[in-house]
Chemist: 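Below are the structure tokens for one structure; questions will follow.
Hydrogens, waters and symmetry mates play no part in the numbers below; they use all other heavy atoms, side chains included. Count residues from 1 along the sequence.
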Amino acid sequence: MAQVSKAAEQYGVTDAEVDRWRAGIQERPAWAQRAHVSGMLAQRLVMTALEHRQECDRADCRTCAGLREMLVIALAGVRTVVDDRLDELYRRPARWPWRRRSL
């Protein structure tokens with residue numbers, strides 16, 4: 001928490017901005033809050049990484065290395081969520097007549 005707060009301070013993040021985002025998040029159930037925040041973070045990460053890559057011309061860039069590592073983590077998370085959801089769907093009993101129960 002302290003590191004996030006310090007970095008936010010250095011980037012000029014205001015309490016009003018944080019409160020505005022929190023208001024939108026808190027209207028959702030807890031699981032949806034986490035999913036929404038994770039999705040927004042991943043989206044912003046991808047946008048930032050793509051923009052930086054277009055602008056960066058250094059062969060050994062620490063920002064590129066950091067963004068790459070974050071993309072590895074984000075992709076691992078996305079793949080895990082998708083795999084878990086597919087596993088959940090295939091473990092359920094068949095709801096449709098054309099689907100076999102042996103799956």
Side-chain angles (χ1 to χ4, degrees):
M1 174 77 171
Q3 290 177 326
V4 174
S5 295
K6 185 65 175 174
E9 181 183 315
Q10 289 180 1
Y11 275 87
V13 173
T14 66
D15 286 339
E17 291 171 307
V18 174
D19 291 343
R20 187 172 58 247
W21 270 91
R22 287 187 75 190
I25 295 169
Q26 290 174 333
E27 297 170 358
R28 304 163 190 259
W31 65 268
Q33 290 175 12
R34 289 188 298 276
H36 177 72
V37 171
S38 295
M40 293 302 295
L41 284 171
Q43 181 183 25
R44 295 297 194 268
L45 168 62
V46 169
M47 289 170 36
T48 301
L50 291 173
E51 288 175 13
H52 178 75
R53 195 68 181 149
Q54 290 175 351
E55 297 170 355
C56 184
D57 58 359
R58 295 188 334 191
D60 192 26
C61 175
R62 289 185 356 196
T63 301
C64 286
L67 287 168
R68 183 186 181 286
E69 188 171 339
M70 288 185 286
L71 288 166
V72 168
I73 295 165
L75 188 55
V78 168
R79 287 182 180 174
T80 299
V81 168
V82 169
D83 288 348
D84 287 350
R85 182 66 178 136
L86 288 173
D87 286 346
E88 178 184 322
L89 288 172
Y90 282 109
R91 279 191 308 247
R92 288 184 185 168
R95 292 190 228 170
W96 305 283
W98 59 86
R99 188 152 172 216
R100 296 189 177 126
R101 290 187 185 269
S102 62
L103 291 179

Chemist: Establish whether L45 and L50 are linked, either directly or via other cluster members, by ILVMFWY side-chain heavy-atom contacts under 4.5 Å.
Modeler: yes
Chemist: Please give me the minimum heavy-atom distance between Q33 and R28, naming the atom from each residue.
Modeler: NE2-O, 2.9 Å
Chemist: Got a second to check how far R68's CZ is from H52's NE2, nearest 0.5 Å?
Modeler: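 R68 CZ to H52 NE2: 14.0 Å, rounded to 0.5 Å.
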Chemist: Within the supplied structure, the quantity of interest is the number of heavy atoms (other residues, nucleotides, ligands) at a distance under 6.0 Å from E69 CD; does it exceed 12?
Modeler: no
Chemist: What is the distance from atom CZ of R44 to atom CE of M40, rounded to the nearest 0.5 Å?
Modeler: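 Between atom CZ of R44 and atom CE of M40 there are 4.0 Å.
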Chemist: So with a 6.0 Å cut-off around CG of D15, is the heavy-atom count from everything else above 12?
Modeler: no
Chemist: Taking atom CD of Q3 as the centre, report whether more than 12 heavy atoms of other residues, nucleotides or ligands fall under 6.0 Å from it.
Modeler: no
Chemist: Can you find a heavy atom in the side chain of L67 that is under 4.5 Å from one in the side chain of M70?
Modeler: yes
Chemist: If two hydrophobic side chains count as joined below 4.5 Å and joins carry through other members, does I25 share a cluster with L41?
Modeler: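 Same cluster: I25 reaches L41 through Ile, Leu, Val, Met, Phe, Trp or Tyr contacts under 4.5 Å.
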Chemist: State the CD1-CG distance between I73 and L71, to the nearest 0.5 angstrom.
Modeler: 9.5 Å
Chemist: Using a 4.5 Å cut-off on heavy atoms from C-beta on, say whether the side chain of V82 contacts that of L86.
Modeler: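 Yes - at least one pair of side-chain heavy atoms lies under 4.5 Å apart.
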